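Beneath this line is the structure, given in structure tokens, with notes to follow.
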2 protein chains.
Amino acid sequence: MNTTTETKRARTTPATAQVLGAALNLFTEQGYFNTSIPDIVKASSVSTGSIYHYFRDKEGIARSLYNSLVERMEQHFSEIESTHATAHDRCRAVIDLLFQLTEQEPAVMRFMLFSRHREFILDQKPVCSSRPFVQMREMVAVGMKQGEIREITPIVAASSVFGGSLRLIQLRLDGILDAPLPEYLDEIWQCSWRSVAL
Amino acid sequence: MNTTTETKRARTTPATAQVLGAALNLFTEQGYFNTSIPDIVKASSVSTGSIYHYFRDKEGIARSLYNSLVERMEQHFSEIESTHATAHDRCRAVIDLLFQLTEQEPAVMRFMLFSRHREFILDQKPVCSSRPFVQMREMVAVGMKQGEIREITPIVAASSVFGGSLRLIQLRLDGILDAPLPEYLDEIWQCSWRSVAL
DNA sequence: GTCTATATCCAGATAGAC
DNA sequence: GTCTATCTGGATATAGAC
């Protein structure tokens with residue numbers, strides 16, 4: 001499938017998948033710059049030559065990783081938009097998803113949300129401008145138009161709805177929170193929604 | 001002043017101040033790892049030899065910078081605690097301060113809040129565990145004990161009170177917000193407080 | 001396509017005169 | 001204390017056999 005109009009991203013072979021997996025772990029555990037190609041070679045069991053065959057350079061690995069994760073998040077959010085009708089339900093579902101993802105794949109969340117991509121991926125826009133974040137802000141904006149959410153500056157509303165949860169995710173990833181995030185979902189959501197509801 | 005019990009931090013000479021200033025700008029503009037010692041030499045007009053004389057190594061520059069900024073923030077917050085009596089007033093004052101600092105010294109905020117210190121300063125605890133962040137959580141905890149804030153999990157309350165504002169700071173630093181942060185203070189504070197008030 | 005061996009570069013760090 | 005000149009390691013990236 002999808003053999004036509006290949007969008008200049010590397011195909012997925014077993015080897016590339018291994019490299020991307022190893023890179024994700026190393027990048028999030030030690031940071032991009034503390035991870036050398038030899039490190040990735042060891043962790044992925046793929047040789048230097050093959051790595052450079054699939055990815056133009058080290059940055060290419062990070063770029064490929066980032067793009068695939070953003071795309072995956074986009075699809076999740078679109079799914080949420082199509083299965084939930086109100087801003088209330090959509091935003092809650094987003095937070096629920098992010099909390100679950102954080103527990104199941106902490107490295108993914110760490111890389112997506114808390115890496116400084118612009119320091120190692122050239123010409124990269126800040127994460128906040130990426131499609132998934134735009135989708136989150138749109139959910140809030142729609143909710144405001146439809147009278148679910150108070151009339152305030154849209155970006156302030158969005159920050160208020162998602163800010164607390166994103167903060168909890170960071171605390172969890174930094175080891176400050178002992179309990180799994182889903183345990184806090186009801187409480188934080190109640191706070192978040194109160195902050196913008198009529 | 002403070003000549004006794006010097007706390008193993010480098011004294012402040014004109015040269016060290018220049019190095020720290022240059023490093024702060026370079027680290028926040030390009031990132032720590034994209035900044036070389038020669039870069040700092042050029043930007044600070046202090047020679048390699050002197051830099052290594054004052055700071056053990058490159059990491060030492062970052063460490064010194066980080067410690068001095070954390071200490072400064074601590075003092076700001078203690079000042080706020082002693083001049084404001086309620087959690088409501090204290091938390092609002094903290095956000096007010098952070099918003100102003102972001103406008104006046106964006107590099108300081110960028111370095112404090114959004115650098116991955118643990119990737120380049122060894123044995124560094126996550127920022128969220130640093131004294132200023134603890135102070136912020138304490139303000140909320142006290143407010144809860146005194147009945148200003150609903151009885152919920154303390155860390156959730158703190159995340160809800162400060163999460164939206166921290167999010168706005170990030171958006172502002174990433175160039176997503178055009179207007180200076182203080183213009184949003186009233187709105188975001190209203191949201192934040194509603195989220196936890198009785 | 002995959003591998004090993006190797007070239008090249010430039011970073012961090014030091015030596016030692018002044 | 002400050003400087004310039006220099007060393008050294010290890011990183012990214014390539015060459016070229018298989």
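The shown structure was predicted, so the numbers you read here are calculated from the model rather than taken from an experiment. Here is how names work: the chains are called A, B, and so on, in the same order as the sequence lines, proteins then strands, and each is numbered from 1.
- Rounded to a whole Å, the NZ atom of A:K42 is 11 Å from the C1' atom of D:dG10.
- Among the atoms of the strands shown, base atoms are found under 4.0 Å from some heavy atom of B:S50.
- Residue A:S47 is classed as a base contact, given a heavy-atom separation below 4.0 Å to a base.
- Dashed line: the shortest gap from a side-chain N or O of A:H53 to OP1 or OP2 of C:dG1 is under 4.0 Å.
- In this structure, the nucleotide among D:dA11, C:dG12, C:dA5 sitting nearest to the side chain of B:I37 is C:dG12.
- DNA chain C is contacted by both A:T48 and B:T48; A:T48 maps to the nucleotide lying nearer its 5′ end (nearest heavy atom per residue).
- Judged by distance alone, the side chains of B:Q170 and B:R167 do bring a donor and an acceptor atom under 3.5 Å apart.
- Contact between the side-chain N/O atoms of B:Y54 and the OP1/OP2 oxygens of D:dT2 is found at a separation under 4.0 Å.
- Rounded to a whole Å, the NZ atom of B:K58 is 9 Å from the P atom of C:dA11.
- One atom, OH of B:Y32, and another, P of C:dG12, lie 7 Å apart when rounded to the nearest Å.
- Ring geometry, B:Y32 versus B:F120: the interplanar angle falls under 30°, so the pair is classed parallel (tilted spans 30 to 60°).
- Atom-to-atom, CD1 of B:I51 to C1' of D:dT4 comes out at 14 Å; the value is rounded to the nearest Å.
- At whole-Å resolution of the value, CD in B:Q18 and C1' in D:dT2 are 13 Å apart.
- One can place CZ of B:F120 at 18 Å from P of C:dA11, the figure rounded to the nearest angstrom.
- A:Q18 and A:S45 form no side-chain donor-acceptor contact under 3.5 Å, judged by distance and modelled atom types alone.
- Across the protein-nucleic acid pair, B:D57 atom CG and C:dG12 atom C1' stand 9 Å apart, rounded to whole Å.
- Listed candidates were C:dC3, C:dA11, D:dT12. Nearest to the side chain of A:S36 is D:dT12.
- Taking atom CZ on B:F33 and atom C1' on D:dT12, their separation rounds to 16 Å, with Å as the unit.
- Across D:dT12, D:dA13, C:dA13, the shortest atom-to-atom separation from the side chain of B:Y52 is found for C:dA13.
- Salt bridge A:E138/A:R90: absent, no basic N to carboxylate O contact under 4.0 Å.
- Looking only at atom types and distance, the side chain of A:Q100 has a donor-acceptor partner in the side chain of A:D96 under 3.5 Å away.
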